[in-house]
**Student:** 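Below is a structure I'd like to ask you about.
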Amino acid sequence: MVPTLVADLIRNMVLVLSVSVFYEFGYGVFRYRRAVSPILLGLLFGTVGLVIMAYPMQLLPGVVFDARSVLVGIEALQFGVVPTLLTAAVLVAYRLFEGGAGAAMGVAVILSVAVVGLLWRRFRPARRIRFTWLASLAFGFAIHVVMLLCILLLPAATRLDVLRQIALPVLTLYPLTTMLLNELLMRQKDRVESRDWILNSLARYKYMFEGNAAVMLVVEPETGRILGANPAATVFYGWTQDELLAMNIDRINTHTTEEIREEMRRSVNEGRHSFRFQHRLKDGSVRDVEVFGGPVRVHGHVELHSIVHDISPQVEALRAQ
């Protein structure tokens with residue numbers, strides 16, 4: 001009986017850990033539909049919970065054990081009230097449908113573990129600091145002590161027998177599973193949140209660069225090649241964006257190549273932020289410009305990001321005096 005019980009427990013552990021795979025796969029949907037993501041999370045965990053409950057350990061007729069406690073506890077801890085309540089409702093309905101002598105205990109396990117997980121999420125010390133593996137293990141032990149207390153809802157004649165068979169495996173393997181699932185989900189949440197941060201930063205940069213009314217250029221300091229030009233630059237210089245990106249800054253700047261390279265070198269080494277040049281436009285005219293900017297490191301390479309301000313009217317006014 002004991003080897004079979006341990007094998008069933010391990011199978012349940014593998015099933016519950018699979019939720020991390022589905023979470024990673026489904027996050028693309030959650031990320032773009034944040035308004036409904038708690039509902040989708042609840043449905044995801046509820047579906048995995050139904051699969052887990054379909055392969056239980058049956059100790060006595062109508063008395064079954066599975067890893068739903070791990071699933072519900074971690075969901076409450078990591079994702080909060082709405083998805084947890086939805087998952088709990090799905091699993092409670094299924095357990096009542098199954099019926100049997102352990103139905104009351106099964107429902108109590110789902111609800112009590114959900115409550116403990118939500119309270120732990122709300123009141124644990126320094127809850128904003130990343131969980132340690134030891135804290136995850138302690139949480140797993142706590143929810144499974146609560147699970148064992150629910151055995152009191154079984155008929156009196158079966159309580160001790162069930163407790164004797166299940167207590168040691170539940171208090172050893174299930175807290176470990178809880179710790180593993182919590183660690184996996186935390187790492188995945190960190191990864192997808194970092195990915196979101198990067199995507200949002202790129203979107204903000206793209207908006208600031210392409211939507212800005214100021215003329216902006218990005219130049220490779222080693223070669224002078226133009227790496228980026230915003231729409232305002234195409235309007236100012238008269239060349240299309242593709243034409244600008246095929247150019248070297250020497251084509252625009254009227255200084256000698258040596259002078260331009262020296263200014264870019266000083267910008268990279270000294271972090272200079274203001275220059276005065278004359279820039280040539282497509283129609284052949286020359287404009288006095290003041291360039292504001294400096295070096296930015298991108299993927300290990302230095303680029304010069306510049307804002308070009310036309311100061312020809314001020315220069316002409318000074319010359320006329």
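For reference, positions follow the sequence shown, starting with 1.
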**Student:** Transitively linked via ILVMFWY side-chain contacts under 4.5 Å: L118 with L41?
**Tutor:** no

**Student:** Could you tell me the separation between the CG atom of L244 and the CD1 atom of I252, rounded to the nearest 0.5 Å?
**Tutor:** 5.5 Å

**Student:** For Y237 and H279, take the angle between the two ring planes, folded into 0 to 90°, and tell me which bin it lands in: parallel under 30, tilted 30 to 60, perpendicular over 60.
**Tutor:** tilted

**Student:** How far apart are the C-alpha atoms of L304 and I249, what are their side-chain angles, what is the distance that settles it, and do they pass the side-chain contact (heavy atoms from CB on, under 4.5 Å) test?
**Tutor:** CA-CA 11 Å; L304 293 178; I249 194 64; over 6 Å; no

**Student:** What's the verdict on side-chain contact (heavy atoms from CB on, under 4.5 Å) for T240 and T234, showing C-alpha distance, side-chain angles and the deciding distance?
**Tutor:** CA-CA 5 Å; T240 66; T234 67; 5.7 Å; no

**Student:** Distance check, rounded to the nearest 0.5 Å: L86 atom CG versus E75 atom CD?
**Tutor:** 8.0 Å

**Student:** For a quick check under 3.5 Å, do H305 and E303 share a side-chain donor-acceptor pair by atom type?
**Tutor:** yes

**Student:** Quick one: closest heavy-atom pair of T178 and S136, and the distance?
**Tutor:** CG2-O, 4.2 Å

**Student:** Search all heavy atoms of P38 against all heavy atoms of P83 and return the closest pair with its distance.
**Tutor:** O-CB, 3.3 Å

**Student:** From L181 CG over to L77 CG, what is the distance, rounded to the nearest 0.5 angstrom?
**Tutor:** 10.0 Å

**Student:** Please check this pair: side chain of R68 against backbone of G49, looking for a donor-acceptor N/O pair closer than 3.5 Å.
**Tutor:** no

**Student:** Begin with the C-alpha distance, continue with both residues' side-chain angles, and end with the deciding distance and a verdict on side-chain contact (heavy atoms from CB on, under 4.5 Å) for Q165 and D161.
**Tutor:** CA-CA 6 Å; Q165 294 184 63; D161 185 43; 3.2 Å; yes

**Student:** To the nearest 0.5 angstrom, please state how far the CD1 atom of I311 sits from the CD atom of E290.
**Tutor:** 5.0 Å

**Student:** Under a 3.5 Å distance rule, please check whether T254 uses its side chain to pair with a backbone N or O of Q278 as donor and acceptor.
**Tutor:** yes

**Student:** Which distance, rounded to the nearest 0.5 Å, do you find between the CD1 of I260 and the CG of N253?
**Tutor:** 4.0 Å

**Student:** Quick check on L160: does its CG atom have over 12 non-hydrogen neighbours (other residues, nucleotides or ligands) under 6.0 Å away?
**Tutor:** no

**Student:** Between I110 and Y94, does a side-chain contact (heavy atoms from CB on, under 4.5 Å) hold up when you go through it step by step?
**Tutor:** CA-CA 11 Å; I110 296 167; Y94 183 77; over 6 Å; no

**Student:** Donor-acceptor check, side chain of T87 to backbone of T84, threshold 3.5 angstrom: yes or no?
**Tutor:** no

**Student:** Can a donor-acceptor pair be found between the side chains of D283 and S285 at a distance below 3.5 Å?
**Tutor:** yes

**Student:** Which pair of non-hydrogen atoms, one from W120 and one from A142, has the smallest distance, and what is that distance?
**Tutor:** CZ3-CB, 3.6 Å

**Student:** Taking atom CZ of F141 as the centre, report whether more than 12 heavy atoms of other residues, nucleotides or ligands fall under 6.0 Å from it.
**Tutor:** no

**Student:** Starting from L50, can I reach L96 by hopping between I/L/V/M/F/W/Y residues whose side chains sit under 4.5 Å apart?
**Tutor:** yes

**Student:** Ignoring hydrogens and angles, tell me if any N or O in the side chain of N230 forms a donor-acceptor pair with the backbone of A214 under 3.5 Å.
**Tutor:** yes

**Student:** Answer yes if V64 and V90 sit in the same cluster of Ile, Leu, Val, Met, Phe, Trp and Tyr residues linked by side chain heavy atoms under 4.5 Å apart, and no otherwise.
**Tutor:** no

**Student:** Do E98 side-chain atoms and A103 backbone N/O form a donor-acceptor pair below 3.5 Å?
**Tutor:** no

**Student:** Assigning hydrophobic clusters by single linkage (Ile, Leu, Val, Met, Phe, Trp, Tyr; side-chain heavy-atom cutoff under 4.5 Å), is I307 placed with V315?
**Tutor:** no

**Student:** Got a donor-acceptor contact below 3.5 angstrom from the R261 side chain to the T223 backbone?
**Tutor:** yes

**Student:** Look at the rings of F277 and H255 and say which category their plane angle falls in: under 30° parallel, 30 to 60° tilted, over 60° perpendicular.
**Tutor:** perpendicular

**Student:** State whether the side chain of R280 and the backbone N or O of G284 hold a donor-acceptor pair below 3.5 Å, judged by distance alone.
**Tutor:** no

**Student:** Just verifying a value: how many Å separate Q78 CD and F45 CZ, rounded to the nearest 0.5 Å?
**Tutor:** 8.0 Å

**Student:** Answer yes if L153 and V72 sit in the same cluster of Ile, Leu, Val, Met, Phe, Trp and Tyr residues linked by side chain heavy atoms under 4.5 Å apart, and no otherwise.
**Tutor:** yes

**Student:** Has the side chain of S312 got a donor or acceptor atom that lies under 3.5 Å from a matching backbone atom of D288?
**Tutor:** yes

**Student:** Is a salt bridge present between E262 and R265, judged by a nitrogen-to-oxygen distance below 4.0 Å?
**Tutor:** yes

**Student:** Spell out, as yes or no, whether a donor-acceptor pair under 3.5 Å connects the side chain of S267 to the backbone of E263.
**Tutor:** no

